[in-house]
> 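Quick one: structure below, then a few questions.
Labels below follow one simple rule: chain letters A, B, ... track the order of the sequence lines, proteins then strands, and each chain is numbered from 1.
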2 protein chains.
Amino acid sequence: MAAKLESDKGSMAARLRDHGITPTAQRVRVGQILFACDQHLSADDLLRQLRAEGARVSKATVYNTLNLFAAKGLLRELNFDATRSSFDSNTSPHFHFHVENTGELIDVSPGDIEFARLPALPPGTESLGVEVVIRLRRVE
Amino acid sequence: MAAKLESDKGSMAARLRDHGITPTAQRVRVGQILFACDQHLSADDLLRQLRAEGARVSKATVYNTLNLFAAKGLLRELNFDATRSSFDSNTSPHFHFHVENTGELIDVSPGDIEFARLPALPPGTESLGVEVVIRLRRVE
DNA sequence: TTCCTTGCAAAACTTTTGCATTAAA
DNA sequence: TTTAATGCAAAAGTTTTGCAAGGAA
């Protein structure tokens, strides 16, 4: 209902503000799409979805917004595909299966991988996280 | 010395032939650069290095050759940088540190990482390998 | 008002392609 | 000679940029 939509819009605006992002109409709409569920979207995926919903958004704004969200920690950029970047709307720690012959990307929950040993970091560096990708091929 | 260079050229040609690759002059030269040591090179890095050595090679051939070598298992393609692919001349199992604020890529030897638990694969898939990237930031 | 954001088109890049020429077998 | 590889320039795809117009505070 209308009240629900208003509330969603307002809470997305608040969420953006909490991350130091001025909540414009375009950014709120992008946020509502991205954070509806955990997903991996390219700039073009997102633009197509916005246009399908009748949103008035330019390509430049889609790129600006994705980069801004990623810089502010709302998204994580993924470079599995050599030709285009995707953005993961789930920024909590987790891992991925990457099916190379189909392009699929499947989440692995964080509890499903554990390390028995990790290397010491090179001097003068700090860790930003550990990424694990299990490369797969779909068969039969 | 000349004999040494001849021998290197010959053994690179043999190595390419072993992988089902017709050893042309350009491919041998590319192989000699790539496999001189373990390294991570982009197409442009490689083209620049070839040109600096005075090699007569086109951009198209550099791309053709990198893709061919990767398809034949002589290289592994890496997509850490969103804007360009790199190719790892070390195809044996190992992992990487990726220093995000400098772009550096540092090898982690395979013995330095051990898993205590790994997830079951999705049905209908087989594993092509596990990739681990420890994302770093250089500080101070 | 003042500063930031958007939209549009053009520019910048990386990578691929088409086709005539050249080299490998 | 027959087939495959190369070089060049143009094309294709993604992402960024410059600048005028519009929106937020």
> Leu128(B): which other cluster members, linking ILVMFWY side chains closer than 4.5 Å, directly or transitively?
none

> Test of understanding: with side chain to side chain donor-acceptor pair (under 3.5 Å), list the residues that count as partners of Glu104(A), not counting sequence neighbours.
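By the side chain to side chain donor-acceptor pair (under 3.5 Å) rule, Glu104(A) matches Thr102(A), Arg138(A).
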
> Honestly curious: do Val130(A) and Phe97(B) fall in one hydrophobic cluster under the side-chain, below-4.5 Å linking rule?
yes

> Do any of residues 46-55 of chain A sit with a heavy atom less than 4.0 Å from DNA chain D, and if so which?
none

> Measure CZ/Arg27(A) against P/dG22(D) and give the value in whole Å, please.
19 Å

> Which Ile, Leu, Val, Met, Phe, Trp or Tyr residues join Val133(B) in one cluster when any pair of side-chain heavy atoms under 4.5 Å counts as a link?
Leu78(B), Phe80(B), Leu105(B)

> Using a cut-off of strictly less than 4.0 Å, decide whether Gln26(B) has a side-chain nitrogen or oxygen near OP1 or OP2 of dG7(D).
yes

> Without decimals, in angstroms, what is the distance between Asn79(B) CG and dT15(D) C1'?
16 Å

> Without decimals, in angstroms, what is the distance between Ile21(B) CD1 and dT6(D) P?
11 Å

> Could you pull out all residues at least two apart from Ser127(B) that satisfy side-chain contact (heavy atoms from CB on, under 4.5 Å)?
Ile134(A), Leu136(A), Leu121(B)

> Figure out the CZ/P separation between Arg29(A) and dT6(C), and round it to whole Å.
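Distance check: Arg29(A) CZ to dT6(C) P gives 14 Å.
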
> For nucleotides 14-25 of chain C, just jot down a letter per nucleotide in 5' to 3' order: B, S or -, based on protein non-hydrogen atoms under 4.0 Å.
SBBB------SS

> Identify the two heavy atoms, one from Arg51(B) and one from Lys59(B), that lie closest to each other, and give their separation to 0.1 Å.
NH2-N, 4.2 Å

> Search all heavy atoms of Phe87(A) against all heavy atoms of Ala70(A) and return the closest pair with its distance.
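Closest approach of Phe87(A) to Ala70(A), heavy atoms only: CE2-CB, 4.0 Å.
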
> Shortest non-hydrogen contact from Thr91(B) to Asp88(B)?
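Result for this residue pair: CG2-O, 4.3 Å.
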
